[in-house]
Amino acid sequence: MSGDHSHNEEQIDCGSRVNDSHKHKDKYKDKEHKHKDHKKDKERDRLKHGNSDHKDSSDKKHRDKEKMKHKDGSTDKYKDKHKEKRKEEKMKSLDGKIKKEKENGFASPPHVKSEPEDDFYHSPKHERSLKRERDVDDNDSEFKPKKIKTENEKKAKKRKQDEDIKSKKTKVKKGEVTDGKKKGKKEPEEKWKWWEEERYTDGSKWKFLEHKGPVFAPPYDPLPNQVKFYYDGKTMKLSPEAEEVATFFAKMLDHEYTTKDIFRKNFFKDWRKEMNSEEKAKITDLKKCNFAEMSEYFKAQSEARKAMSKAEKLKIKEENERLLQEYGFCIMDNHKERIANFRIEPPGLFRGRGDHPKMGMLKRRIRPKDIIVNCSKDSKHPEPPPGTKWKEVRHDNKVTWLVSWTENIQGSIKYIMLNPSSRIKGEKDWQKYETARRLKKCVDRIRSQYHEDWKSKEMRIRQRAVALYFIDKLALRAGNEKEEGETADTVGCCSLRVEHIKLYPEKDGQEYVVEFDFLGKDSIRYYNKVPVEKRVFKNLQLFMENKEPDDDLFDRLNTSILNKHLQELMDGLTAKVFRTYNASITLQQQLKQLTSADENIPAKILSYNRANRAVAILCNHQRAPPKTFEKSMQNLQTKIDAKRDQLSDAKRELKSAKADAKVRRDEKSKKAVETKKKAVERIEEQLMKLEVQATDREENKQIALGTSKLNYLDPRISVAWCKKWSIPIEKIYNKTQREKFAWAIDMADDDYEF
DNA sequence: GCGAATACTTAGTACAAACGTA
DNA sequence: TACGTTTGTACTAAGTATTCGC
């Protein structure tokens, strides 16, 4: 691998994070909450670079030429940032479009539908499954993407096979990870190992799908009469429609949101739409509205909920469990699968992240007539609530969702889909890591290619090459275009603007430093100073020439151009594969470097967390420091101090016991020495555990490990590491995570290589 | 070939549940 | 057992990438 991708190669000193300066660019200061500071300079300084200091002569030559192109640049209209709002049209056209039902002609699963109610969901154990064809040989590591070109030839064969139901394998693989609790707990019948079966190759996602539809938000429950709303100091009874929206605001009164102009403006506008004419005439100024009693009422309710008796709480729990059992599962291809989100999102006020222009708008209640249901033709279709109708029932087995509706804030579609532990999600996840592993095999070639492209005569190619370099080196997101004014102003690589970077020919003793400062996904700030190669630096200077701060840095590039190019370099390659690849390879390398054989389990786990942390830093996964952070740190320190005292006491006792034994020379005192010795050892271990915990927590203050663990790190790396060092897998993955990664836990051996 | 629509993954946070301790 | 802390889960926004339809 080339040396400039050193985040993959050098140990990252996560322990050295210093949370000092929260003083970055002023322009972000007032931008409310979480433009969290990055203090990552240190970690990132590790990104060393070989200097490619051959004189960049060709560059100069092209510059004038390019400048010309640039000025008249109108011909390449890759970017059209100022699009018109199209939401209304979108909404209108939706109704008409979705009418046409697709005939998929999939083989109807023969037996499930007609089964009696009590056997509605049968346990995997007893069933015979539809065998699905796998497009590869049995080699785990060669999980090919589904969209292979050979589809057609296989189709015929496949269909035949589908009808021919085979019994499924249930062999248990060797080398199961130690799972201490497993036996004792109720992990019931044998889990279905979908990863040992063949996959669909015809683009269909399932052959049979049956479910009970969504759970709707409970209807609005009007406030008791004694809870008053006041307008301009006078009590006023609101119509239920207006009252409901008012309660949304009242519930958020303590939140900073409700003080923001945009939030208030949006809320008020939408609230007025729900008022009757009388209310509309009267309520004209939000400032004159007094929601205090409502707010108090809801606080009291929440207190009451907390103070409920055990029995009452149990009752609620049982009701939830009942709902889960009834609506939380579906049958997909003969297997009972958990649904991720079977509840429809309740109405409320939209809370966008960052400076969202739509914050405070009313998110309206979703009703059956908004709902599109997707299931098999021959399944028992879900019933809409009495007296209502679905918008549509369709049978599209080319998609994975069960239910969808269009949300009113952005006009986007929301879906109900399966849990990450499901076959359909798991296969996709596995496939994702296989694509990343394929990138591993050709990443050197790709890197040398984009190095070459920095010298290209064509501006568009140089821009593409520099952008790709950032994506690869810094794990930046692709940066799709967004509709201006519809969302918070955030960017990714391709959508970076001139104002987001600063160039320093020399800074802090390093040459050619680029300073990044922008808001990325979720308005999380990305701040980083990176030394880059001279050619990159010169290119950037050129890209920025004659541009305004709010002009696009890469004006001849967008994500679709970039991805088209990547597709040519490797089948299935897109910008985001680099993030997956770099995250996983970093974990693997860090684990190798940080784990030492002679350490005990807590220390090894600290190493694991540090490796995980290195990835989280690379991917810029941040979190707000927990509210109780300082306090819990303090508590931990108190514990550590106490333990230290305890240790010195124990040591003293040991010493005197030894002295005693020397004098007495009898069995009893010898034994006493042994006991004291053991006590000292025990306390030392406890102390060490606490200290490790403190270090870990401190280093984790504002870094979120979960996101990378769940989405970027090939779980087989972690599983292999656990197996290699005999670490119980549940030290690394909790129950949910173990379910999600069941395939990896089952298939990876201790020598797995990403 | 393009913009729009759609499908699906990735993301941080709020709050509930579980856990540990006095 | 009560309480405070930690951990896990649900929720849903915000991305990426592909597909659709003209």
Side-chain angles (χ1 to χ4, degrees), chain A residues 33-34 36 77-78 80 83-84 86-87 89-91 93-94 97-98 147 203 205 255 302 305-306 310 313 316-317 320 324 328 340-346 348 350-354 356 358-359 363 374 396 398-401 404 406-407 409-415 417-420 424-425 428-429 432 477-483 486-488 490-495 520-524 558-560 562-564 566-567 572-577 579-580 619-624 626-629 631-633 635-636 639 693 697 702 704 706-708 710-712 734-737:
Chain A
H33 54 327
K34 57 181 175 183
K36 295 166 198 163
K77 201 185 124 223
Y78 294 133
D80 182 13
K83 287 172 215 150
E84 287 210 36
R86 58 190 150 135
K87 210 193 89 203
E89 275 181 274
K90 201 172 177 180
M91 304 285 276
S93 64
L94 248 160
K97 238 173 260 173
I98 32 200
K147 46 172 191 174
K205 304 290 167 64
H255 203 287
S302 123
R305 218 173 306 126
K306 274 181 213 154
K310 263 220 175 115
K313 280 183 182 165
I316 290 172
K317 202 175 168 184
N320 280 334
L324 173 68
N341 55 325
F342 57 90
R343 286 169 206 269
I344 301 280
E345 295 172 20
F350 175 75
R351 308 149 77 126
R353 297 175 189 157
H356 198 116
K358 299 193 170 185
M359 62 167 84
K363 201 169 106 166
N374 193 31
D396 182 356
K398 297 284 191 282
V399 297
T400 68
W401 53 267
S404 76
T406 302
E407 153 264 8
I409 304 287
Q410 328 261 10
S412 65
I413 307 171
K414 300 264 187 165
Y415 302 94
M417 292 184 187
L418 297 193
N419 199 59
I424 212 159
K425 294 290 183 191
K428 200 77 187 296
D429 210 33
K432 173 181 76 186
R477 295 188 184 83
N480 281 336
E481 280 142 290
K482 304 168 70 185
E483 268 180 278
E486 296 289 295
T487 56
T490 62
V491 297
C493 185
C494 293
S495 50
K521 183 176 180 180
D522 293 320
S523 294
I524 297 288
N558 62 33
T559 52
S560 109
L562 179 64
N563 281 338
K564 223 164 262 165
L566 293 176
Q567 189 58 237
L573 186 60
T574 63
K576 99 188 174 80
V577 177
R579 247 166 105 82
T580 312
C619 295
N620 200 36
H621 291 142
Q622 300 189 46
R623 63 167 185 172
K627 286 185 193 84
T628 54
F629 184 83
K631 191 150 176 248
S632 82
M633 236 19 229
N635 288 350
L636 196 53
K639 269 192 199 170
Q693 205 185 341
R697 196 179 296 175
Q702 43 194 167
T707 307
S708 49
L710 242 42
N711 301 301
Y712 288 103
N734 66 30
K735 185 160 173 281
T736 317
Q737 293 163 340

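Quick note on labels: first sequence line is chain A, next is B, and so on, each numbered from 1.
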Is there a side-chain contact between [X] and the phosphate of [N], meaning an N or O under 4.0 Å from OP1 or OP2?
X        : N      : result
A/Thr400 : B/dC8  : yes
A/Lys482 : C/dG15 : yes
A/Thr707 : B/dA11 : no

Discussion item. Parallel, tilted or perpendicular, judged at 30° and 60°: which one describes the rings of A/Tyr415 and A/Trp401?
Written reply: tilted

Of all the choices, [options], which nucleotide is nearest to the side chain of [X] once you look at every atom?
X        : options                : answer
A/His356 : C/dA14, B/dT9, C/dA17  : C/dA14
A/Glu345 : B/dT10, C/dC11, C/dT12 : C/dT12
A/Asn480 : C/dA13, C/dA17, B/dA11 : C/dA17
A/His621 : B/dG12, C/dT16, B/dC8  : B/dG12
A/Lys414 : C/dA17, C/dT12, B/dA11 : C/dT12

Worksheet item: How many Å lie between OH on A/Tyr415 and C1' on C/dA14, as a whole number?
Response: 14 Å

Discussion item. Is there, by distance only and without an angle test, a donor paired with an acceptor across the side chain of A/Lys432 and the base of B/dT9 below 3.5 Å?
Written reply: no

Worksheet item: For A/Lys414, what residues pass the side chain to side chain donor-acceptor pair (under 3.5 Å) criterion, not counting sequence neighbours?
Response: A/Glu345

Worksheet item: Considering heavy-atom distances to DNA chain C, does A/Val491 or A/Thr736 have its closest nucleotide positioned more toward the 5' end?
Response: A/Thr736

